[in-house]
Trainee: 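Next up is a structure, given as structure tokens.
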Protein chains: 2
Amino acid sequence: MPDRTSSSRTTPRTVTLAIDVVLLTPRGSELAVLLAPGDVGKARGRERWTLPSDTLRGEESLDEAAARIARDAAGAAPSFLDQAATLGGAQLTVTYFGLVPDAGGGARRSADWVGLSELPALGVRHREEIEVAMTAMRARVDQHPIAFRLLPAAFTLSELQAVYELLLGRRLHKASFRRSLHASALVEATDEWRSEGRGRPAQLFRYAPPRRRRQRRGIRFDLLG
Amino acid sequence: MPDRTSSSRTTPRTVTLAIDVVLLTPRGSELAVLLAPGDVGKARGRERWTLPSDTLRGEESLDEAAARIARDAAGAAPSFLDQAATLGGAQLTVTYFGLVPDAGGGARRSADWVGLSELPALGVRHREEIEVAMTAMRARVDQHPIAFRLLPAAFTLSELQAVYELLLGRRLHKASFRRSLHASALVEATDEWRSEGRGRPAQLFRYAPPRRRRQRRGIRFDLLG
DNA sequence: GCGAATTAGTAACAATTCGCTAATAAAGTC
DNA sequence: GACTTTATTAGCGAATTGTTACTAATTCGC
């Protein structure tokens with residue numbers, strides 16, 4: 001039998017490449033995504049807004065290009081950046097997602113940040129990329145402590161819970177949240193407190209990852225689907 | 001302030017593209033990956049084995065190309081195939097992972113299937129791709145019932161558990177596994193039994209996904225890392 | 001035939017975890 | 001000082017999990 005595996009190889013093909021970045025930031029009670037003014041000169045002229053995007057420059061890697069694109073678009077380096085997926089089609093598009101701590105009145109016009117519930121007319125491709133980015137981001141939240149990337153070094157537990165709720169898109173129960181958090185030993189208390197207007201002052205905590213983690217348990221079939 | 005986001009755009013750049021597929025199959029007590037004889041004509045000639053790979057052909061999409069590459073390499077279409085990650089570098093490589101139900105004495109030379117514990121000398125890139133594919137596969141196992149793709153329509157619970165153990169790379173407790181499984185209602189019993197040599201015959205089950213799933217619960221901080 | 005070995009399947013118990021309610025604490029407001 | 005607001009923790013009942021041990025049905029050796 002001929003070896004189809006290698007005999008079927010064709011000469012490397014070149015494709016046009018784009019790297020798109022879905023930057024997310026907390027904005028009130030929802031996440032906002034950074035949109036740039038679209039190419040007005042385009043033929044159809046329908047897409048007024050697009051995701052920050054560029055192609056590779058020089059000898060930079062994909063991660064480096066994504067970091068550069070994110071930095072140029074947001075005015076500062078994102079505190080977390082990771083690849084979400086690659087879409088084929090007319091041109092190859094590698095989609096990244098990133099987290100930006102607080103864009104309110106930052107270096108860039110805050111009008112570029114658009115809440116996820118009020119997205120303007122976007123191309124199908126861009127809307128799909130945002131979906132993919134959200135899915136990848138939520139998968140990371142469950143496996144990696146990226147929520148802390150959206151907070152300063154010292155934060156209150158209410159702030160931390162609010163970030164988790166934003167990222168996951170659902171409410172969490174306060175007592176349960178804190179119990180799980182304390183059991184995980186991901187944070188440690190400082191001796192500082194912060195009074196935020198009315199109500200009892202909240203103690204400040206800092207992120208303090210444990211040396212070794214616990215072993216994971218059985219299969220959670222209820223998470224399947 | 002000038003709009004750096006769009007003014008910094010450069011003209012789309014072309015790169016060479018490769019699509020690599022990490023095909024996995026059960027093989028005794030571990031998973032095996034499909035390796036093809038490497039390009040002997042290469043300059044260094046070090047890499048004797050490579051992953052099935054090709055570039056895009058015609059107007060096919062990434063997914064279609066990966067399916068074609070997998071089919072050509074394994075002799076049959078994989079029962080599951082999904083994108084793992086994209087690696088940059090000299091050429092852009094989109095890595096897919098796939099599951100193949102049972103390659104024992106199948107259409108292709110079974111010598112191509114190599115157990116994960118006995119991988120031959122591979123390029124750094126290929127080894128990295130296998131790592132990435134395993135990570136993506138295990139993330140999928142937790143969220144999607146892909147384990148059933150490695151089994152025939154009717155299977156015993158011991159077989160199902162063995163598949164989960166292979167995919168996750170760790171042992172599971174029998175009683176807990178079955179309790180979770182029954183609670184999930186992912187399988188339904190048939191009225192058939194199978195006697196596998198010695199020991200009590202096992203009842204056969206079939207995959208029967210429930211109409212609606214349960215809501216997911218709080219954060220599992222113990223899974224972070 | 002009969003007991004040992006082997007594999008399948010389940011019951012039951014203890015410990016842990018989870019979702020929730022309620023209690024207490026410490027501030028500001030009137 | 002009473003009332004409101006936010007933070008924090010205690011505690012309870014229910015559900016889940018990890019484990020051991022038991023029962024069931026078959027083959028193997030004699």
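A quick note: this is a predicted structure, and the numbers were derived from the prediction, not measured. So you know, we letter chains A, B, ... as the sequences are listed, proteins then strands, and number each from 1.
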Trainee: Out of D/dG18, C/dG9, D/dT8, which nucleotide sits closest to the side chain of B/S176?
Mentor: D/dG18
Trainee: Could you tell me if the side chain of B/D102 sits less than 4.5 Å from the side chain of B/P26, heavy atoms only?
Mentor: no
Trainee: Please report the distance, rounded to the nearest Å, between CG in A/L172 and C1' in C/dC20.
Mentor: 14 Å
Trainee: Encode nucleotides 21-30 of chain C as B, S and - characters from 5' to 3', where the letter depends on protein heavy atoms closer than 4.0 Å: B to the base, S only to sugar-phosphate, - to neither.
Mentor: B---BBBS--
Trainee: Base, sugar-phosphate alone, or nothing: which one does B/S158 contact when heavy atoms must sit under 4.0 Å apart?
Mentor: sugar-phosphate
Trainee: I need the B/F97 CZ to B/R140 CZ distance, nearest 0.5 Å.
Mentor: 5.0 Å
Trainee: What is the distance, rounded to the nearest whole Å, between atom CZ of B/R171 and atom P of D/dG18?
Mentor: 15 Å
Trainee: Between B/L122 and B/I130, is any pair of side-chain heavy atoms under 4.5 Å apart?
Mentor: yes
Trainee: Measure the CZ-OG distance between B/R179 and B/S184 for me, rounded to the nearest 0.5 Å.
Mentor: 13.0 Å
Trainee: Categorize B/Q203 for me: base, sugar-phosphate, or nothing, with a 4.0 angstrom heavy-atom threshold over every strand shown.
Mentor: sugar-phosphate
Trainee: For A/F155 and A/F148, I'd like to know if the aromatic rings sit close, meaning centre-to-centre distance below 6.0 Å.
Mentor: yes
Trainee: Once you round it to whole Å, what is the distance between P of D/dT16 and CZ of B/F177?
Mentor: 17 Å
Trainee: Grab the CZ-C1' distance between A/F155 and D/dA7 for me, whole Å please.
Mentor: 16 Å
Trainee: Taking pairing as Watson-Crick or G-U wobble with both contacts under 3.5 Å, can you name the mate of D/dG11, or confirm there isn't one?
Mentor: C/dC20
Trainee: Quick check on DNA chain D: between A/F205 and B/R179, whose nearest nucleotide comes earlier from the 5' end?
Mentor: A/F205
Trainee: Between atom CZ in A/R178 and atom P in D/dT8, what is the gap in whole Å?
Mentor: 5 Å
Trainee: Does A/R127 CZ have over 12 foreign heavy atoms under 6.0 Å away?
Mentor: yes
Trainee: Between D/dA7 atom P and A/H182 atom NE2, what is the distance in whole Å?
Mentor: 14 Å
Trainee: B/E159 CD to C/dT7 P: how many Å, rounded?
Mentor: 14 Å
Trainee: Would you kindly give the CZ-to-P distance between B/R194 and C/dA8, to the nearest whole Å?
Mentor: 11 Å
Trainee: Does CD belonging to A/E131 count more than 12 external heavy atoms closer than 6.0 Å?
Mentor: no
